[in-house]
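So the structure is just underneath, and the comments pick up after that.
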Amino acid sequence: MELGQKIKCEADRTAGFGKAIAAMPGCERLGSCIQCGACSGACPLSIYMDQSPRQVIALVRGDFKKQALSCNTIWLCSSCYACTVQCPREIGITDIMYALKQCAMSERAYPAGLSIPILARQFVRMVVRRGRITETRLVMRFFLQTNWKAAISSWRLGLNLIRTRRFGIRQQHIKQHLELAAMLAQAKNANAGGSP
Amino acid sequence: MRYHYFPGCSLKGLGRAYDESLRPVMERLGVELAEIDDWNCCGATAYMSTDHCNACALGARNIAIAESSGPGDIVAPCNACYLALNKTRNCLAGDSATRAAVQKALAVAKLTYTGTAAVRHPLEVLVYDVGINVIKRNVVRPLKDLKIAPYYGCQLVRPHCSFDDQWNPTAMDRILTALGARVVDFPLKTRCCGGSLTGTAPEAGLRLTHIILGEAQRRGADLIATICPLCQFNLDSYHDQIARRWGPARIPAVYITQLMGMAFGLPTEQLGLKRNFLPADKLLAAT
Amino acid sequence: MDKPKIGFYWCASCGGCEEAIVDLAEDILRITAAVDLVFWPVALDFKKEDVLAMPNGSMAAVFINGAVRTSEQEEMASLLRAKSQFVIAFGACAQLGGIPGLANQFSRDSILNYVYDGAPTVVNEKHVRPSVRCEDNNRTLTLPEFRSVVRTLEQIVHVDYFLPGCPPTPRLITSAIDALLTGKLPPPGSVLAPDVALCDQCPRKKSKPEQIRFAAFKRPHLTSMDSDLCFLAQGVVCMGPATRGGCEALCPAANMPCTGCFGPTSRVHDQGAKMLSSLSAAVDAKESDQVDAVLAGIPDPVGTFYRYALPASLLRFSANIGSAAVKETL
Amino acid sequence: MSDMNWQPRIVAFFCSWCTYTAADLAGVSRFRYAPNVRIIRLMCSGRIDPQFVLCALADGADGVLIGGCHPGDCHYAEGNFKTFRRYRMILRLLADMGVAGDRVRLEWISASEGERVKTVINEMVERIRALGPLDIPGRFAACDSEILESADAIRLPQCKETHDVVPEVVHG
Amino acid sequence: MSNDESIRTGFYVCHCGHNISDVVDCTAVARYASTLAGVMVSRDYKYMCSSPGQELIRQDILEHKLNRVVVASCSPLLHEHTFRNAVAAGGLNPFLFQMVNIREHDAWVHADRAAATAKAQALVSAAIRRVALHKPLQATRAPIHPDVLVVGGGIAGIHAALTLANAGKKVYLVERQPSIGGHMAQFDKTFPTLDCAACILTPKMSAVRSHKNIVLWTYSEVAKVDGYVGNYTVTVRRKARYVDENLCVGCQECIDACVFKVPKFPDPFNLGMSMQKPIYIPFPQAVPQAAVIDPDRCIQLKTGKCKKTCVEACADRKAINLNQKEQLLEIKVGSIITATGFKLFDAKRLPEYGYGRYPDVMTTIELERLVSSSGPTGGELRLRSGKPPTAVGFILCVGSRDMRTNRWCSRTCCMHSMKLAQIVRERTGAQVTVFYIDIRAPGKGYEEFYDRSLQQGVQFVRGRVAEVSDCALSPDEAGKLVIRVEDTLAGFVRRVPLDLVVLAVGMEPQADAQEMRRILNMSCSAEGWFLEKHPKMAPVSTFTDGVFIAGCCQGPKDIPDSIAQAGAAAAEALALIDAGGIDQEPNTAYIRGEECSGCKSCISLCPYAAISFDAEKQKAVINPALCKGCGTCVASCPSGSIGQNLFEDQEVFEEINGVLDYV
């Protein structure tokens, strides 16, 4: 049995983290949280989360950056906004999840073995290059990078897509994709506060 | 009635049946959809997870192009696009720093965002601009005896829905009733289908899909009506995996526009119904 | 017209009540002249047969003194009740059970054991006990049955009037007989004495302070008592406040505190409880052990508060006797 | 031999200010306790005449519970002390009369001690249950059965029959 | 005392909705009662206390010529009055009535339906027997003295006194300390409005001083209370102040002139964080604005060997009187409002928090003085080291909600701490963390205040702090106070280093609450808070008529609640005064004149000296105006010659007999 220290000291905190998250768009009311747990109750995915959304808020507010970024919670968030509309303090919990994802993405702080962020990364790359998403190509790339066995085991889905003529082989792209890329480069991380 | 049309990537890919059915139905109802020139991906949830400002810039480009090409609102049939574009509008309206950054980025493409064009969902257009009576008048083959569970998905109504109730939206219910169908009382109308988690975290994602399918089955629905390409894909594509995990719940999911097309007597082959994995046999039989 | 027929009888008593008749002195002549004494075993030779021979209700009144303990006393009381128009309980024992009534603290067996074996002056090697029937030299000897408890007369037969006292004073006896002769009788069931407690008549009343607290209780035989001061003011238990007056305060006059022989007033059911209440409430202590220490000055509460009235009290007899009696009767 | 159906009968005398109020509080607080105790309200425990205690026993109570304010808290200054002194003497009297002291209990219970009412009553009931029936009326009857044959008119005095007034009643 | 008229009793059993009928078979009780002697009418009804229920009684009295009424319902302490009125409405003397308590004493405490019903029947039998002996009685009316005594000069006492005085009543306000103001005078600001405490309190204090209807006695205590509602005689001890407060103008020249050049004695108002001289004015806004001399510290008063520079300094005013003596003053009042307040929990009782051991662990009230502009530092918050704090922690529920100390919630600490947290953040910019168990913010504007605290960046960590220590396990903890706590919401144990730890100490009853309670003949809860007559229906009344309670002596509360209660207590007192008199329960004892032997046994037992000896008649007499109806004399009269209305011996005997009627 391996014993690890569970108690959290000052060293486990990242001063200013909570404040920085609260400064991100949609996250302004983070501080108002009364830890009622309405978000966790409303979340359809909380059954799979290692920290409930409420706990994530507590961690963020307490500057526990490492814990907040390493949980699966933010990645299991499917952006259904059930938490946000139920929050009695009108906290943009989904936006906080976005903010945490952004932070985790930029620092590659997400938990190892979690494939969800990889899809996001692939998605972004495709948008930057082509301006649009070709779903089948995105998914194939995703599976190849994360779990090629899953790609093979999805052969039936692939066959079905071919059968229903939805298997997009041709990569969609926009005409001004270079201009778009330039635009995105210009706007990257330009939002207020920046990524913490 | 002329609108800027933002189909979104899905409607050009997995969800093309939505696009295929939406266009003739809207045409029949006198709605003109002008596809936005060189539109780009809305950013969806993935982009928002990466970079807030870029996510806004993506949406803003589409809106700015639409705005520059003439007056009119934007119709975005995909729930995710609808939310992403609206979110962009809200961010740009409320956050001057982001707005300034985005305008600066748009300037690269010689575009300007004004925020004059509203982003609307076809459901809203159908119920409020076209009107239920007009829809009713166009019905030639009522969907009699079909029990349909209206499934709106989450991102249409949340977080800020302006045209329908957040907890119990009824726009689709009203259209279905106008089509002559029997609407099943379906409390999971706005519950999340699992989104992209069906692919990235099947255990979690498929469970959510299963809950919706299972409940529709329990309530005796013949069909599930959807208004979002991702929802439709999730509900239609994983019956085998779901059956393996939790038992069968084989209910076809079709787009509301396909149903409308059928009721309007449009040719079946024009409505993309063959693109369903699980064929909507009962629908085909009924009409 | 015939003179009214009068009888006297004694049950469990010391004989003092009989003496009280003699104490009427010259008055006795006046009375005997006015009545016809038809039954008085202690003074005149009457037998039970004589009474049996009388027609029912033929006597005007019978005065019965003494408590009731034996079957013979019960039988005689019943017999006299039948023969007489009025039955008058004469004296404390008949009215309340009296001193013999204190035996109600002990079971019949323990009394007999003490009297026939345990007492230091008794030698009884065979441990003989009196029995109701005994064969001896072809003769059958009988004794009345010794009942399990002492009873008041009224607990055996209906009583019309009560003459209180141990014994009743000559004045009370005379006035009772006069009332009987003149027919000026109070309501049936009355006690033929004033219904106000003794203090009312007590010569020491004036010396009793208004504020009284008992720091200790003293016993008369261990105390040199002031001959004018209220006994309670001296810390000596005096039953006067809880006892019916009418005795002319003879005991206090003789420098002895009242022991309660006239019984309670008509408003009180339990003389002892009332006196206990009054005395202990005024104990000058608050802590449990201090209170107990003061109350220890009354070593025998039953003997003190119920000296004459135990069989007439609410509890009548010890609960231990009750269970013994239950056992025997079953 | 004890009757299987026997239930302790306990008469309680509670002062209006403390213990009776505490019993009300026990009710408001829904504390459950044994139903064997019947409460009689008096203004002060100082009103408890020892005759009441003896009368209750003579009338068939198996135990008597007296409740008053805590020492020093009497609404009437010192009524409870007077009760306490009488109680100490009553215990001695009862001991001499063959009644176990446990059958009569004095408790100080303040208005706020609703829970204590429950505890005290339950304890009292259990104590009396352990002691068994006292049944003084039964003892009177058993004792008097020995004289039935010789008496022509036997009156078994009980406290109720010695009352001055037996109201004449017309039943409707 | 036999009645010529035949007894005609009406019996009513109340279901009390389902409160009674769920457990007691009310119809069976009514059926049983109908078989009892004298019962003419026997009914069960849903709500006897309702108007139709009362009307039922009235109608039956008229229709069935009832002359006795028995109602079996709730406690007589609750509704006896109601039903007596109903009986009176039927033209019957209201005391020909008896109430049976089958709710609080039966239905609510038993579950067994059969046993509860049998008990109800026995109690009913007792009442029906008893009521037959009842006799018509007349309630007596006692006059009310219009003056009122208010004990305690904190905000509650001040408000009550002013309310009464403004209504034109004469008020005696007695305060133990040399100045009125109480705890509120120590506060810097008040929540949730954050207005200056002194700014709202000081005008009220001056109003007390100048009000023509208020007699203000500070540095005084209530020593003794005799009498009863409407007619209390109160002895007030006025301690020697050694300064005539009528002559002193508060110029402080005496203080400057004191032979102690430097203040060297801990000043209690600032909790020992500043010093004062033997002659002092408690605090700048003190009322009365008069000096006071501490006899334990004044050299003259201790040794008689001082230059008396203070007397010199006072010169012609001659306000200082070193020969002043304690005075005992007797006043007559009709009612009393007790507003004696609370004491703070002694944080030393929880050694794990290090109060008294670590200089930078302090209580909320100490912090209150430190941030107050009139406090020892002029409002500047500094650590004992002199540095400003950068991280401040508040520990809530210190001494509250804890079985080891006090079980109750002190109600104000959450808000009080949040207020101080906001002030600390505002003044120092320090990081502030509040360690709480639950946040309780139920007042008007309080939740909003909580939200504001959150918005201002006050951190809230849910968890009861286990310990405060200065043992550093890492460099960033060195020189700090470290709190160990489970962050129950984040789900792990934390060590939190802080510069300053503030303990939100709870409220406790005053140390001498028991003594005060005895003096005023009130009841206390088990904890020691003064007990209200009814927690809902009579929250400021006590079980002693004419004695009311206000403020924290009744239980922890904040300023608005204290003031509201003080106003309510004043209103109750006014209602009593303006009623002009008070109906008294006619439960007085009386001597049966002819039967009394004059043994005097009763006289010394009466606590009210209501019994005297009539030397002429040689019998005792009871003054009904003085008799309070306890019945001690009745129980003690050796010859049974004292009766008591409502509680006659025979009535009780009937009741005893009745309750032993086992059906």
Side-chain angles (χ1 to χ4, degrees), chain C residues 68 71 74-75 77-79 81-82 104-105 145 147-149 151-152 154-158 266-270 272-274 276-277 279-283 285-286 288 291-292 294-295 298 300-303 305-306 310 312-323 325-330, chain D residues 1 46 48-59 71-72 78-100 103 132 134-159 162-164:
Chain C
V68 181
S71 56
E74 289 160 15
E75 191 186 342
S78 301
L79 184 60
R81 172 72 268 185
N104 278 2
Q105 294 173 87
E145 192 165 339
R147 297 303 197 192
S148 57
V149 295
R151 296 184 171 83
T152 68
E154 215 203 1
Q155 285 163 2
I156 302 297
V157 296
H158 173 67
S266 65
R267 302 168 297 275
V268 171
H269 299 316
D270 193 297
K274 269 303 194 183
L276 176 156
S277 179
L279 283 190
S280 35
V283 163
K286 281 184 177 173
S288 186
V291 171
D292 288 351
V294 175
L295 292 177
I298 303 172
D300 176 13
V302 178
F305 300 127
Y306 294 93
L310 188 58
S313 73
L314 285 166
L315 294 180
R316 289 177 58 190
F317 48 79
S318 163
N320 297 329
I321 302 178
S323 52
V326 170
K327 244 179 257 162
E328 283 160 31
T329 48
L330 286 175
Chain D
M1 68 127 239
I48 297 167
D49 188 327
Q51 287 191 108
F52 295 167
V53 177
L54 300 181
C55 175
L57 297 175
D59 270 2
E78 293 201 342
N80 51 359
F81 280 112
K82 286 151 197 163
T83 304
F84 176 69
R85 296 175 197 130
R86 289 182 196 134
Y87 169 72
R88 298 304 300 174
M89 199 65 186
I90 289 171
L91 288 186
R92 283 183 53 203
L93 173 72
L94 289 175
D96 286 357
M97 290 301 285
V99 177
R103 292 191 184 272
L134 177 63
D135 192 21
I136 287 186
R139 290 167 198 262
F140 287 169
C143 233
D144 286 340
S145 63
E146 69 184 356
I147 58 167
L148 282 174
E149 71 274 11
S150 63
D152 64 339
I154 290 173
R155 291 186 63 209
L156 304 176
Q158 285 181 20
C159 147
T162 58
H163 292 165
D164 293 353

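Below, read A as the first sequence line, B as the second, and so on, with proteins coming before strands; counting in each chain starts at 1. Only this structure's heavy atoms are used, side chains among them; waters, hydrogens and symmetry mates stay out.
- Of all the heavy atoms in Asp300(C) and Arg92(D), the pair that sits closest is N-NH2, 4.3 Å.
- The distance from the CZ atom of Phe305(C) to the CG atom of Asp96(D) is 11.0 Å, given to the nearest 0.5 Å.
- With a 4.5 Å cut-off on side-chain heavy atoms, Glu146(D) and Ser148(C) count as touching.
- The main-chain N or O of Val291(C) is never found under 3.5 Å from a side-chain atom of Arg85(D) such that the two would form a donor-acceptor pair.
- Here the side chains of Arg151(C) and Ile147(D) are in contact, with some heavy-atom distance below 4.5 Å.
- Neither the backbone nor the side chain of Leu79(C) comes within contact range of chain D; no heavy atom of the residue lies under 4.5 Å from a heavy atom of that chain.
- Listed here is the closest heavy atom pair of Arg86(D) and Ser277(C): NE-OG, 3.0 Å.
- Rounding to the nearest 0.5 Å places OH of Tyr87(D) at 13.5 Å from OG of Ser280(C).
- Neither the backbone nor the side chain of Val294(C) comes within less than 4.5 Å of any heavy atom of chain D.
- Interface residue Leu54(D): backbone and side-chain heavy atoms are both found under 4.5 Å from chain C.
- Interatomic distance, Asp144(D) CG to Arg316(C) CZ, rounded to the nearest 0.5 Å: 4.5 Å.
- With chain D as the partner, the residue from Ser313(C), Ala282(C), Ala312(C), Ala273(C) showing the most heavy-atom pairs under 4.5 Å is Ala273(C).
- Once rounded to the nearest 0.5 Å, the distance linking CG of Leu315(C) with CZ of Phe140(D) reads 6.5 Å.
- In this structure, Asp292(C) CG and Met89(D) CE are separated by 10.0 Å, a value rounded to the nearest 0.5 Å.
- Atom-to-atom distance recorded for Gln51(D):CD and Leu314(C):CG is 6.5 Å, nearest 0.5 angstrom.
- For Thr152(C), no part lies near chain D; criterion is any non-hydrogen pair under 4.5 Å.
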Verdict with supporting geometry, Asn104(C) and Met97(D), side-chain contact (heavy atoms from CB on, under 4.5 Å): CA-CA 9 Å; Asn104(C) 278 2; Met97(D) 290 301 285; 6.0 Å; no

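- Contacts between Leu94(D) and chain C at a heavy-atom distance below 4.5 Å involve the side chain alone, from C-beta outward.
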